[in-house]
Each structure stands twice: as C-alpha cells, then as structure tokens.
Amino acid sequence: MMPVLPIQSIATTEERLHLGRLIVLTGPSGVGKGTLMRSLLKRHPELYYSVSVTTRSPRPGEIDGKDYYFISRSKFEQLLAEGEFLEWAEFAGNYYGTPREPVLNQIHFGKLVVLEIELEGARQIRASFPSALSIFILPPSFDELEKRIRSRAQDSEEAIARRLLRAQEEIKAANEFDIQIVNDDFETALNDIETVLFK
Ligand SMILES: Nc1nc2c(ncn2[C@@H]2O[C@H](COP(=O)(O)OP(=O)(O)O)[C@@H](O)[C@H]2O)c(=O)[nH]1
Ligand SMILES: Nc1ncnc2c1ncn2[C@@H]1O[C@H](COP(=O)(O)OP(=O)(O)O)[C@@H](O)[C@H]1O
C-alpha cells in the first residue's frame with residue numbers, strides 16, 4: 001500500500017496546483033452561474049465543486065455543507081485570521097470564502113476543481129494562481145439580468161438593489177478573464193463551458 005503522506009509535506013502550494021487544474025467561474029449575481037454549475041456537475045460528476053463558506057443566511061431549500069457552509073461573522077473572521085481561505089470577499093454585506101485545504105488536496109489528486117465566486121475573489125485567484133483558468137459569464141443584457149435576479153424572488157428589495165449596482169461594476173471587468181461566455185440560451189452556454197473544460 002502507498003503510504004499516505006500529509007499533502008503539506010509533499011509540495012508547496014504552487015507545486016500542488018500544477019498537478020491538477022483550478023477553474024474559476026465568475027460573473028454578476030443572477031447571471032446563471034449557480035444554475036450552470038449545477039448542470040455541469042450533473043453531467044460531469046468527476047468535477048470537484050468547492051463548497052464555499054458564507055455568513056449569509058440560508059435561503060429556503062439551501063443545505064448546510066452542500067450549497068454553502070453557513071457560519072457566523074466571528075467564526076469567519078477567526079478562520080480568515082488562521083489563513084484558512086484560498087480567497088475571500090465581502091459581497092452585499094456578507095463574507096464569502098473558499099476553504100483552502102480541500103481545494104489544494106483535490107487538485108493534488110489530479111481533479112479538476114471548480115470555484116464559483118464573485119469578482120474580487122476571482123481576481124485574487126488570478127493573482128495567486130496564474131495557471132488557473134478563469135471564465136466570466138455575461139448576461140445577454142442588463143434588463144435580462146435584472147429579470148433573472150427578480151425571478152429568483154429570494155432576495156429582499158434592498159439585496160436586489162445592491163446586487164444590481166455591483167453587477168454594473170462587475171460586467172466592466174469581464175475582459176480581465178481568460179474566457180467570456182454569454183448565458184443567453186442556457187444549453188449553448190453550458191456547451192460552451194464544456195468545450196473550454198474538456199476539448
Ligand atoms: N469571493 C467569493 N465569492 C463567492 C464565494 N462563494 C460564492 N461567492 C459569490 O458570492 C456572490 C453571492 O452569492 P449568493 O449569496 O449565493 O448569491 P447569488 O450567487 O446571487 O445566488 C456570487 O457572485 C457568488 O458567486 C466564495 O467562496 N468566494
Ligand atoms: N440562460 C438562461 N436563461 C434564462 N434564465 C436563466 C438562464 N440561466 C439561468 N437562469 C435563471 O436565472 C436566475 C438566476 O440564476 P442563478 O444560477 O441563481 O444565478 P447566479 O448563481 O449567477 O446568481 C435563476 O432563476 C435561473 O433559473
């Protein structure tokens with residue numbers, strides 16, 4: 001049997017990353033990142049989706065440990081101080097972060113790891129891991145983006161307004177990322193992502 005070594009003793013963070021691949025999916029809130037991600041995972045169960053930590057309250061139907069790890073602000077700040085996040089950001093009044101170790105371990109074992117994160121976090125990943133592949137999802141129009149956020153009907157009017165304001169800024173950053181995909185027709189966008197990842 002192969003001896004099981006702690007990952008930390010095998011390689012540095014950057015060396016570990018070169019053994020697998022890190023994919024970043026970003027774009028404004030409501031553009032369809034989560035829906036695309038769920039379909040992608042159904043079609044490709046071999047992908048590893050990194051479950052984020054957040055201080056936002058769970059929405060109806062969301063499951064702790066599956067959609068997010070829901071934690072308090074003070075716990076988040078403690079984890080942050082302990083260096084437990086690969087990246088993190090404050091978005092619409094809440095903290096979000098990617099747990100470091102599970103992601104690095106999966107990459108080390110050769111998995112394709114996918115992060116679905118907002119702009120600031122995506123920028124941090126680009127800066128710390130230049131070998132990561134980043135995909136920016138664009139809406140067909142701003143009006144359509146607003147419709148999608150409203151149709152979800154799970155956020156307060158204030159939260160919707162904050163997301164829309166932020167979305168305008170985020171869309172301007174699309175060109176910073178390796179690939180831009182417009183999520184107009186859902187199947188087409190999903191196929192485009194698959195082409196980037198697997199072909
Ligand atoms: N930086 C960062 N952003 C995250 C993380 N997890 C989720 N997000 C982003 O935070 C934003 C808000 O997420 P959420 O509250 O679930 O709302 P929704 O994506 O609009 O449904 C989205 O743009 C997510 O992609 C994370 O770990 N780090
Ligand atoms: N291509 C599409 N056409 C129409 N509606 C879409 C499309 N993609 C996603 N949606 C819808 O838009 C809303 C926001 O999608 P969601 O995945 O929650 O976005 P995000 O994770 O980027 O915030 C959902 O109601 C979803 O069903």
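Reckoned from all heavy atoms, side chains included, excluding hydrogens, waters and symmetry mates. Counting starts at 1 for both ligands and their atoms, in listed order.
In terms of modelled atom types and a separation under 3.5 Å, the side chain of Asp178 and the main chain of Ser134 share a donor-acceptor contact. Judged purely by atom type and a 3.5 angstrom limit, Arg56 has no side-chain atom pairing as donor or acceptor with the backbone of Tyr96. With Thr26 contributing its side chain and Ile117 its backbone, the two residues share a donor-acceptor pair below 3.5 Å. Put simply, the side chain of Lys33 gets close to the backbone of Gly27: a donor and an acceptor are under 3.5 Å apart.
Note: the hydrophobic cluster containing Phe85 does not contain Phe91 (ILVMFWY, side chain heavy atoms under 4.5 Å, direct or indirect links).
Heavy atoms of Ile137 come nearer than 4.0 angstrom to ligand 2 in no pair at all.
Counting only non-hydrogen atoms, the option in Thr188, Thr35, Asn183 that gets closest to atom 17 (O) of ligand 2 is Thr35. Of the candidates Ser39, Gly27, Gly30, Pro139, Gly30 brings a heavy atom nearest to atom 20 (P) of ligand 2. With Arg148, Glu118, Arg38, Arg150 as candidates, the residue nearest to atom 13 (C) of ligand 2 on a non-hydrogen basis is Arg148.
Distances below 4.0 Å separate heavy atoms of Ser151 from the following atoms of ligand 2: 25 (O). Heavy-atom proximity to Phe186, at under 4.0 Å, picks out these atoms of ligand 2: 1 (N), 8 (N). Listed by number with element, the atoms of ligand 2 under 4.0 Å from a non-hydrogen atom of Asp184 are 1 (N), 2 (C), 3 (N). Which parts of ligand 2 touch Pro28 is read off a 4.0 Å heavy-atom cut-off, strictly below it: atoms 22 (O).
A salt bridge links Glu90 to Arg73: one of the charged nitrogens lies within less than 4.0 Å of a carboxylate oxygen. One finds no salt bridge joining Arg59 and Asp67 here, because no Lys/Arg side-chain nitrogen approaches an Asp/Glu carboxylate oxygen to under 4.0 Å. Comment: Glu157 engages Arg150 in a salt bridge, judged by a side-chain N to carboxylate O separation of less than 4.0 angstrom. Salt bridge annotation for Arg43-Glu194: present, with a cationic side-chain nitrogen under 4.0 angstrom from a carboxylate oxygen. For Arg123 and Glu118, the salt-bridge test fails: no basic side-chain N is under 4.0 Å from an acidic carboxylate O.
Counting protein heavy atoms only, atom 19 (O) of ligand 2 is closest to Gly32 N, 3.1 Å. Taking atom 22 (O) of ligand 2 as the reference point, the nearest protein heavy-atom neighbour is Lys33 N, 2.8 Å. For atom 21 (O) of ligand 2, the nearest non-hydrogen atom of the protein is Gly34 N, 2.8 Å. What sits closest to atom 18 (O) of ligand 2 on the protein, heavy atoms only, is Arg152 NH1, 2.9 Å.
Counted by atom type alone, Glu120 and Gln124 present zero donor-acceptor pairs between their side chains at under 3.5 Å.
Residue-level proximity to ligand 2 for Ile149 is absent, since no heavy atom of it falls below 4.0 angstrom. Contacts between Ala189 and ligand 2 below 4.0 angstrom, taking non-hydrogen atoms only, are absent altogether.
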- Task: Please test Glu169 against Lys172 for salt bridge (Lys or Arg N to Asp or Glu O under 4.0 Å), starting from the C-alpha separation and ending with a verdict.
- Result: CA-CA 6 Å; Glu169 289 308 309; Lys172 289 183 198 157; 3.1 Å; yes
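Listed by chain and residue number, the protein contacts of ligand 1 are Ser29, Lys33, Ser52, Arg56, Arg59, Tyr68, Glu87, Ala89, Phe91, Tyr96, Gly97, Thr98, Glu116, Ile117, Glu118, Gly121, Arg152, Arg163 (heavy atom within 4.0 angstrom).
Residue Phe76 forms a ring-ring contact (aromatic ring centres under 6.0 Å, His included) with just one option from Tyr95, Tyr68, Tyr69, and that option is Tyr95.
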